[in-house]
Amino acid sequence: MAATPAEELETIHTLGHFINGKKVPDKNRTLSITNPATGRVTRNVACANKGMVENAVAAASSALPSWRDTEPLKRARVLFRFKQLLEEHTDEIVSLVTNEHGKTIEDSKGELIRGIEVVEYACGIPELLKGEHTPSAGPGIDSWSQFQPLGVVAGITPFNFPVMVPMWMYPMAIACGNTFVLKPSEKDPSAPSFCAKLLSDAGLPDGVFNIVNGDKETVDAILENDQIQAVSFVGSTAVAEYIYTTGTNFGKRVQALGGAKNHAVVMPDADIEQVVNALLGAAYGSCGERCMSISVVVCVGDETADACVDAMKQKLADLSIGDGNDPSSEMGPLVSSAHREKVRSYIDIGVAEGASLVVDGRGLTVEGREDGFFLGPCLFDNVSSEMRIYRDEIFGPVLCVVRVQSQETAMDLVNDHEYGNGTCIFTRDGEAAKYFSDRIKVGMVGINVPLPVPVATHSFGGWKRSLFGDLYAYGPDAIRFYTRRKTITQRWLSGGVRERLNFAFPSNPL
Ligand code: NAD
């Protein structure tokens with residue numbers, strides 16, 4: 001006899017936490033994890049309460065003194081081994097991502113590789129932490145700055161990049177000598193847990209990296225914990241602002257990366273075929289659930305708009321949508337049923353607002369995956385800046401085309417939007433591109449590059465309400481974020497020189 005859903009749930013494994021190098025079960029509250037392609041619950045995840053967060057922080061605090069004093073070269077060696085293990089276990093990691101997030105296997109692989117690139121950058125920590133030195137800053141005086149770890153630091157991450165976004169944080173944080181507590185998204189926590197085990201296998205001492213699973217209760221316990229020195233957050237803007245305000249009120253250093261509405265500006269001289277291929281991947285890849293997804297195309301001139309819309313409409317008819325495990329799928333499902341309802345409601349809103357729905361994905365069903373959270377691609381033309389489908393982050397396979405008559409008007413739109421994460425311009429005119437990149441009020445800019453996600457040697461962050469805090473994620477900013485500067489001034493008097501009594505402010509006389 002088939003098990004009832006309740007009996008089935010009883011047999012489903014519950015993912016606990018990872019504290020002090022060990023898996024820690026937890027009988028507190030649980031949430032279910034669903035495979036978005038099948039709509040079936042696959043496992044549960046425990047939610048850490050305040051006491052469990054304190055256990056993780058205690059482990060991280062105990063591990064701190066010896067990890068902080070471990071030579072950067074030796075910390076780097078652990079990361080080199082970690083990188084190797086990530087490569088050896090690629091198939092398992094990407095399968096966990098696809099089965100909990102829904103994105104295609106190729107896409108999951110892409111996020112893992114971008115995460116590994118941050119690990120590779122962190123392997124250069126002996127070079128990155130060298131500090132600054134000024135010999136002979138004054139008579140017999142040398143001065144230098146060194147960058148010391150903050151202590152125990154935490155990361156809170158979103159569902160849409162379960163492997164890469166945590167890797168924007170912990171490889172650099174631990175390379176700098178901190179110990180870490182990660183709170184991954186409750187929607188797809190299995191891949192980060194798997195990576196925690198790989199870190200241990202790579203030789204990371206117990207307690208240096210810990211995971212507490214959970215939701216708001218767990219996050220609040222992190223924010224209120226006075227032993228945690230800093231918090232890195234990535235997620236939606238409303239939560240990012242809450243994390244920034246609450247975390248800084250509790251005296252922590254906080255960087256909180258938020259939501260986005262990324263515009264692509266298409267100039268009349270652009271190569272439309274190239275543009276359309278680039279736009280479709282950037283708008284509908286990962287079902288539009290990327291903070292750098294293109295969600296608005298601003299076409300300069302009606303001819304440009306007509307050409308783009310016609311070509312996109314034709315190509316979208318051939319888009320292959322299905323389970324991310326099927327190698328022929330180009331787009332998978334949305335992450336949850338609730339999120340699909342939210343995205344669908346925006347299609348209704350757009351129609352009611354008077355935008356032209358050129359491609360309507362609402363009727364889609366995927367054979368054999370009828371209970372999955374699929375939504376076909378949607379394309380709106382004639383969208384204007386007061387519409388909600390233009391203003392709000394929808395985070396789904398919905399692309400809005402806005403028609404304008406000049407580059408200046410296109411740039412005003414981008415600059416006036418509340419978000420400033422990414423943007424790009426398509427043109428063959430270097431002067432137009434330079435004018436755009438010099439004056440646009442956005443943190444990451446592409447020139448004929450639709451997803452200008454900075455490589456690991458640069459840092460990632462937006463402007464306006466896409467980032468709360470001063471420092472970006474990974475790259476050189478991560479060294480600044482995860483360390484505290486100390487400046488040392490040293491003098492050794494030699495040759496019998498004697499200091500005379502002097503009440504004036506120390507200076508090099510003019
Ligand atoms: P989310 O804000 O719902 O959740 C992010 C994290 O915050 C999760 O770990 C979640 O458990 C926790 N959380 C959720 N609600 C909370 C609350 N009320 N109080 C405290 N903690 C809470 O985001 P999401 O849906 O997981 O991810 C999608 C969002 O993340 C989008 O807005 C996207 O643009 C954004 N994002 C931004 C970037 C960036 O770099 N700027 C990158 C990836 C994703």
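Computed from a predicted model, the values in this text were never measured in an experiment. Remember, it's 1-based here, ligands and their atoms both numbered in the order they're listed.
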With Asn99, the side chain to side chain donor-acceptor pair (under 3.5 Å) member among Asn325, Thr38, Asp188
Asn325
Could you label the plane-to-plane angle of the His263 and Tyr390 rings as parallel, tilted or perpendicular, counting under 30° as parallel and over 60° as perpendicular?
perpendicular
Does the side chain of Thr98 pick up a donor-acceptor pair with the side chain of Ser108 at under 3.5 Å?
yes
If we count only N and O atoms by modelled type, under 3.5 Å, do the side chains of Asp26 and Asn28 hold a donor and an acceptor together?
no
Taking only heavy atoms of the protein into account, state which residues are under 4.0 angstrom from an atom of ligand 1, in chain and number order.
Ile156, Thr157, Pro158, Phe159, Asn160, Trp168, Lys183, Pro184, Ser185, Glu186, Lys216, Val219, Phe233, Val234, Gly235, Ser236, Val239, Tyr242, Leu257, Gly258, Gly259, Cys291, Glu393, Phe395, Asn421, Phe460
Could you list all the salt bridge (Lys or Arg N to Asp or Glu O under 4.0 Å) pairs where at least one residue sits in residues 330-340, not counting sequence neighbours?
none
Can you check whether Phe233 reaches Val219 side chain to side chain, under 4.5 Å on heavy atoms?
no
